[in-house]
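Notes for the one structure printed next.
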Amino acid sequence: AQTVTQSQPEMSVQEAETVTLSCTYDTSESDYYLFWYKQPPSRQMILVIRQEAYKQQNATENRFSVNFQKAAKSFSLKISDSQLGDAAMYFCALSNFGNEKLTFGTGTRLTIIP
Amino acid sequence: DAGVTQSPTHLIKTRGQQVTLRCSPKSGHDTVSWYQQALGQGPQFIFQYYEEEERQRGNFPDRFSGHQFPNYSSELNVNALLLGDSALYLCASSLDLGLAGIEQYFGPGTRLTVT
């Protein structure tokens with residue numbers, strides 16, 4: 001069975017600063033994808049960033065980047081220059097290659113302090 | 001393109017009743033997955049439909065059933081509702097792009113309250 005663990009229920013960061021959200025996972029598969037999703041109060045689950053496990057290079061999307069450590073099964077999200085609109089629940093998720101089924105962590109609530 | 005849509009937005013049901021939730025996938029998507037998100041938790045996979053058949057199922061009882069129509073839209077049915085079924089129900093539609101991976105989008109969810 002796959003598991004995804006987010007050990008930080010809540011995090012806060014000053015506006016314009018950098019914050020890192022942690023995620024560890026477990027899977028017996030060799031080919032898989034890792035994701036970070038953002039869920040604002042509107043409830044819409046929005047894809048922030050995706051990492052293919054076979055790629056050694058860490059994914060980046062504008063102010064969002066990941067630190068993917070395959071051997072350690074760790075997948076953290078770094079948000080640079082935090083903005084008020086970044087406030088939301090952030091979920092780490094895992095899916096096997098060729099399979100849409102997502103296994104989610106329990107989420108981290110990110111608060112941005114003006 | 002309206003993206004993934006779900007209806008209704010909210011609904012309130014009584015224990016023992018039955019409920020049907022609806023999902024329209026993003027244009028061009030052929031696969032629909034349903035998730036249950038209890039308050040303060042991450043979404044849990046219920047099942048997935050492809051070509052009008054259930055392709056995968058999570059650890060949910062038979063009270064949870066579904067259907068996919070020829071236009072790829074989908075319904076989630078829950079019978080004999082329990083208080084514990086109160087949750088946000090998310091629908092995700094997807095399309096397998098082969099080597100390019102899978103394109104997947106979520107709908108805004110249906111908030112179900114069972115009293």
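Each chain gets a letter, A, B and so on, in the order the sequences are listed, and its residues count up from 1.
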Please determine whether residues [X] and [Y] belong to a single hydrophobic cluster, defined as Ile, Leu, Val, Met, Phe, Trp and Tyr linked transitively by side-chain heavy-atom distances below 4.5 Å.
X     : Y      : answer
A/F91 : A/V4   : no
B/Y72 : B/Y105 : no
A/Y32 : A/Y37  : no
B/L39 : B/I12  : no
A/L77 : A/L94  : yes

Inset, instruction - May I ask you to test the A/R43-B/Q37 pair for a side-chain heavy-atom distance under 4.5 Å? - result: no
Engaged part of [X] at the chain A interface, taking heavy atoms whose separation is under 4.5 Å:
X     : result
B/Q56 : side chain
B/R55 : side chain
B/S93 : neither

Inset, instruction - Go through A/Q44, A/E100, A/M45 and name the one with the most non-hydrogen pairs under 4.5 angstrom from chain B. - result: A/E100
Can you establish whether the number of heavy atoms outside [X] located under 6.0 Å from its atom [atom1] is more than 12?
X     : atom1 : value
B/Q44 : CD    : no
B/R57 : CZ    : yes
A/K78 : NZ    : no
A/N62 : CG    : no

Legend entry - Minimum-distance pair of heavy atoms, taken over all atoms of B/L88 and A/Q39: CD2-NE2, 3.8 Å
Inset, instruction - State, to 0.1 Å, how close B/I102 and A/N99 come at their nearest heavy-atom pair, and which atoms those are. - result: CD1-N, 3.6 Å
Inset, instruction - Using a heavy-atom cutoff of under 4.5 Å, enumerate the residues of residues 102-114 of chain A that contact chain B, numbered in order, or state 'none'. - result: A/L102, A/F104, A/G105, A/T106
Legend entry - B/F47 side, atom CZ; A/K101 side, atom NZ - distance, nearest 0.5 Å: 13.5 Å
Inset, instruction - Side chain from CB out, backbone as N, CA, C, O: work out which of these in A/F35 comes under 4.5 Å of a heavy atom of chain B, or both, or neither. - result: neither
Legend entry - Max heavy-atom pair count under 4.5 Å with chain A, selected residue of B/G42, B/P43, B/S94, B/S33: B/P43
